[in-house]
Amino acid sequence: MLEIKFVRQNLLEVKESLSKRGEIPDLDLFIDCDVNRRQILVEIEDLRHRRNVVSDDIAKMKKENKDADTLVSEMREVSNKIKVMEKDLTGIEEYINQILMRLPNIPHVSVPEGKDSSANPIIKKVGDLPIFNFEPKAHWTIGEDLKILDFERASNIAGARFPLYFGDGAKLERALINFMLDIHTKEHGYKEVLPPFIVNRKTMTNTGQLPKFEKDLFKLEGWDFFLIPTAEVPVTNIHQDETIDEEMLPILYTAYTPCFRSEAGSYGKDTRGLIRQHQFNKVELVRFTKPENSYEELEKLLLDAETILKRLDLPYQVISLCTGDLGFSAAKTYDIEVWMPSQGTYREISSCSNFESFQARRANIRLKRKGKKGTELLHTLNGSGLAVGRTFAAILENYQKEDGSVIIPEALKPYMGGISVIKR
RNA sequence: GGAGAGAUGGCCGAGUAGGCUGAAGGCGCUCGCCUGCUAAGCGAGUGUAGGGUCAAAAGCUCUACCCUGGGUUCAAAUCCCAGUCUCUCCGCCA
């Protein structure tokens with residue numbers, strides 16, 4: 001959420017930067033409402049002031065056994081008036097809030113301008129592409145042939161876009177989770193957390209998934225609960241409504257969770273394989289930082305995610321999302337894309353974002369500086385480190401042999417109970 | 001599922017026959033004094049948000065906030081209703 005004062009005072013800039021995202025919000029009506037709101041507020045506060053003062057007088061008069069009937073009946077009217085005006089005010093405030101909650105974040109100045117994903121610049125490419133002297137197969141073919149993936153049975157159990165792993169496949173998925181968590185906790189200084197996978201509406205609103213994107217979420221019928229689409233949601237909300245001392249920052253959390261997404265509107269896209277599922281595993285990285293450091297911290301976060309790919313020796317590229325491709329809450333986002341040989345292209349495997357104070361304002365996460373009066377909002381960041389299902393797919397494709405077997409990456413062997421290859 | 005207890009400031013914790021209580025006291029924190037060092041001691045200060053005034057900041061001032069939402073009343077942390085959460089006991093269950 002943007003600060004209402006900021007929107008009021010920088011109307012033109014806000015309009016301009018949001019239009020770079022392809023948003024054309026009706027901010028003029030918004031400003032009118034805000035003016036109106038402040039007028040009513042002043043009147044109400046005047047009346048309340050009067051009531052407070054006179055009520056004191058009444059108390060004194062009663063103590064002295066004087067007759068206060070006139071004042072009492074006058075105040076009765078004042079109170080009624082206040083009540084009516086308060087209703088008007090609530091209505092306007094709800095309207096303003098509704099607009100404010102649906103305005104996306106303002107892109108950082110370093111974010112390249114562009115209309116859609118085709119305008120995302122490549123920041124760097126890392127690793128050599130594997131060379132095959134045969135036609136590399138898709139990971140779902142490899143996985144099904146090895147009997148470590150079974151999409152048909154998964155669809156009987158749940159439906160399309162659900163995974164079912166068997167044997168060494170299930171083990172590889174689990175190995176990846178442990179591998180990633182170990183690196184982030186032991187080498188990068190993150191604290192591991194295991195949060196709830198179901199959250200309430202407020203939590204989902206705080207990080208920006210609601211109110212605008214409810215259709216992308218799975219909601220529990222009969223409950224105001226949602227399945228998390230990413231660990232970002234519960235983990236960022238660990239500190240909702242808290243004020244954190246500056247010497248505690250930065251705070252680094254990593255969490256493994258399954259993620260649940262309705263994938264509404266993606267019919268026909270990535271219909272096969274592990275790339276786009278209703279349920280998938282992810283290891284997430286979250287950082288709470290001081291405002292002045294958050295862009296340095298974003299670079300660190302990106303490197304932490306990259307480390308996993310480097311250790312697994314998977315080729316990847318990093319792109320910077322342009323203004324038109326940026327997510328709702330993010331001020332800046334890097335995507336890491338891993339090489340998928342069967343598709344001859346790079347696919348997203350991590351998304352690292354700085355939300356600046358956008359989420360912190362919604363979630364009311366504050367920072368207290370030593371020796372300084374008052375508090376301020378801190379900055380939140382998060383990134384995948386990494387999407388586990390997609391990493392699984394990338395390993396199958398990049399490490400496949402002509403006979404259909406898959407070599408285990410060196411760094412993963414200790415996590416695979418000594419086996420170095422998955423074969424039939 | 002049944003029975004009970006509770007929710008107050010960064011923390012602990014007073015405060016219900018409604019009325020100078022934004023809220024005692026303590027801890028913590030900040031500044032100053034004192035002190036070989038540390039500890040202790042002394043003095044002052046120390047919530048958040050939103051308005052108004054101001055070019056802006058400071059300052060001044062007003063309003064709101066004692067879990068949330070309603071209600072009663074001239075007036076609610078205090079009374080009434082509904083809800084949420086936490087804790088204890090019983091039952092059930094992985």
Side-chain angles (χ1 to χ4, degrees), chain A residues 1-13 30-101 194-206 220 222-226 234 237-249 251 288 357 360-378:
Chain A
M1 188 166 68
L2 303 175
E3 188 185 8
I4 189 163
K5 218 187 273 178
F6 178 83
V7 178
R8 189 192 303 148
Q9 288 167 355
N10 305 278
L11 190 60
L12 284 179
E13 290 91 324
F30 172 80
I31 293 295
D32 287 347
C33 286
D34 182 48
V35 170
N36 193 221
R37 174 191 138 245
R38 271 152 47 223
Q39 280 171 352
I40 296 177
L41 193 59
V42 169
E43 285 181 56
I44 288 181
E45 289 189 347
D46 269 359
L47 288 177
R48 286 207 275 232
H49 177 56
R50 204 154 139 248
R51 183 178 66 184
N52 288 346
V53 171
V54 175
S55 288
D56 272 0
D57 292 345
I58 292 173
K60 277 178 205 144
M61 291 173 79
K62 291 220 162 168
K63 222 175 240 172
E64 296 163 16
N65 279 320
K66 287 192 199 158
D67 175 46
D69 286 357
T70 331
L71 286 178
V72 167
S73 63
E74 193 190 329
M75 282 310 105
R76 189 172 301 152
E77 267 173 54
V78 169
S79 274
N80 286 336
K81 206 167 165 189
I82 291 175
K83 223 169 256 179
V84 171
M85 295 184 75
E86 277 175 342
K87 247 182 204 144
D88 291 347
L89 185 67
T90 322
I92 292 175
E93 279 179 340
E94 268 169 17
Y95 181 76
I96 288 175
N97 204 37
Q98 206 187 331
I99 293 180
L100 219 47
M101 291 300 273
L194 186 59
F197 304 157
I198 293 174
V199 300
N200 59 34
R201 180 171 292 274
K202 179 173 184 290
T203 290
M204 208 57 107
T205 305
N206 284 348
L220 300 201
W223 298 76
D224 211 17
F225 285 145
F226 300 84
N237 274 287
I238 288 173
H239 294 299
Q240 65 180 93
D241 295 314
E242 285 185 29
T243 301
I244 295 166
D245 289 335
E246 71 171 324
E247 57 264 34
M248 301 294 291
L249 297 175
I251 295 174
F288 298 83
S357 60
R361 183 169 297 108
R362 289 171 168 240
N364 189 29
I365 311 173
R366 308 190 145 265
L367 145 70
K368 172 87 179 79
R369 298 206 195 248
K370 218 177 154 98
K372 241 190 152 182
K373 240 177 127 175
T375 60
E376 58 194 286
L377 295 166
L378 49 69

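Just so we're on the same page: letters track the sequence lines, and every chain starts at 1.
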Summary of protein contacts for nucleotides 48-58 of chain B, nucleotide by nucleotide, where a base hit scores B, a sugar-phosphate-only hit scores S (4.0 Å, heavy atoms): SSBSS------

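Atom C1' of B:G9 sits at a distance of 26 Å from the matching atom of B:G70, rounded to the whole Å. B:G13 and B:G18 have their P atoms separated by 27 Å, given to the nearest Å. If you take atom P in B:U46 and the same atom in B:G25, they sit 13 Å apart, rounded to whole Å. Rounded to the nearest Å, the gap between the P atom of B:G91 and that of B:U84 is 25 Å. Rounded to whole Å, the separation between the P atoms of B:C81 and B:C42 comes to 48 Å. Taking atom C1' in both B:C67 and B:U8, the straight-line distance is 10 Å, to the nearest Å. Distance noted for atom C1' between B:A5 and B:A94: 29 Å (whole Å). Rounded to the nearest Å, the gap between the C1' atom of B:U35 and that of B:G41 is 9 Å.
When atom types are taken as modelled, the side chain of A:Asp34 and the backbone of A:Phe30 share no donor-acceptor pair closer than 3.5 angstrom. Here the side chain of A:Arg366 pairs no donor or acceptor atom with the backbone of A:Asp241 at under 3.5 angstrom.
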Worked verdict on A:Leu47 versus A:Met85 for side chain to side chain contact (heavy atoms under 4.5 Å, CB included): CA-CA 10 Å; A:Leu47 288 177; A:Met85 295 184 75; 3.9 Å; yes

Stepwise side chain to side chain contact (heavy atoms under 4.5 Å, CB included) test for A:Met61 and A:Leu71: CA-CA 10 Å; A:Met61 291 173 79; A:Leu71 286 178; 3.7 Å; yes

From CA spacing to verdict: side chain to side chain contact (heavy atoms under 4.5 Å, CB included), A:Glu3, A:Leu100: CA-CA 8 Å; A:Glu3 188 185 8; A:Leu100 219 47; over 6 Å; no

Check against side chain to side chain contact (heavy atoms under 4.5 Å, CB included), A:Glu86 and A:Arg48: CA-CA 11 Å; A:Glu86 277 175 342; A:Arg48 286 207 275 232; 2.6 Å; yes

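Under the Watson-Crick or G-U wobble criterion, with both distances below 3.5 Å, B:C11 is paired with B:G26. For B:A75, there is no paired nucleotide, since no Watson-Crick or G-U wobble pair has both relevant distances below 3.5 Å. Nucleotide B:C20 forms no Watson-Crick or G-U wobble pair with any nucleotide shown, as no partner meets the under 3.5 Å limit on both distances. Across all strands shown, B:C54 forms no Watson-Crick or G-U wobble pair with both key distances under 3.5 Å. Using N1 to N3 plus N6-O4 or O6-N4 for Watson-Crick, or N1-O2 and O6-N3 for G-U wobble, each under 3.5 Å, B:C33 pairs with B:G41. Using N1 to N3 plus N6-O4 or O6-N4 for Watson-Crick, or N1-O2 and O6-N3 for G-U wobble, each under 3.5 Å, B:A94 pairs with nothing. Nucleotide B:U48 forms a pair with B:A64, judged by Watson-Crick or G-U wobble geometry with both contacts under 3.5 Å. With a cut-off of 3.5 Å on both Watson-Crick or G-U wobble distances, the partner of B:C85 is given as B:G6.
Nucleotide B:C65 holds its P atom 18 Å from the CG atom of A:Asn364, rounded to whole Å. Atom NE2 in A:His49 sits roughly 16 Å away from atom C1' in B:C74 (whole-Å rounding). The nearest whole Å value for the distance from the NZ atom in A:Lys62 to the P atom in B:C20 is 15 Å. Counting to the nearest Å, the P atom of B:G19 and the CG atom of A:Asp56 are 12 Å from each other. Look at NZ on A:Lys87: it is 10 Å from C1' on B:G70, rounded to the nearest Å. When the C1' atom of B:C74 is taken as reference, atom CD1 of A:Ile82 falls 11 Å away, rounded to whole Å. Taking atom CZ of A:Phe225 as the reference point, atom P of B:U84 lies 11 Å away to the nearest angstrom. Residue A:Glu86 contributes atom CD, which lies 14 Å from atom P of B:U63 at whole-angstrom precision.
Note on A:Lys202: nothing from the nucleic acid sits closer than 4.0 angstrom, heavy atoms only. Residue contacts shown for A:Thr243 are absent, as no nucleic acid heavy atom lies under 4.0 Å away. Residue contacts for A:Asp57: at a heavy-atom cut-off of 4.0 Å it reaches no nucleic acid atom on any strand shown.
Each of A:Arg48 and A:Lys60 lies near RNA chain B, and the nucleotide nearest A:Lys60 is the one positioned closer to the 5' end.
At least one side-chain nitrogen or oxygen of A:Asn52 sits closer than 4.0 Å to the OP1 or OP2 atom of B:U63.
With respect to A:Arg38 and A:Glu43, no salt bridge is recorded, no charged nitrogen being found less than 4.0 Å from a carboxylate O. Remark: A:Arg51 does not engage A:Asp56 in a salt bridge, criterion side-chain N to carboxylate O under 4.0 Å.
Side-chain atoms of A:Arg50 and A:Asn52 include no donor-acceptor pair closer than 3.5 Å. A donor-acceptor contact under 3.5 angstrom links the side chains of A:Thr203 and A:Asn200, judged on distance only. For the residue pair A:Ser357 and A:Arg361, a side-chain donor N or O sits within less than 3.5 Å of a side-chain acceptor on the partner.
Contacts of residues 63-73 of chain A with RNA chain B (heavy atom under 4.0 Å): A:Val72.
Remark: A:Glu77 CD is loosely packed, at most 12 non-hydrogen atoms of other residues, nucleotides or ligands lying under 6.0 Å away.
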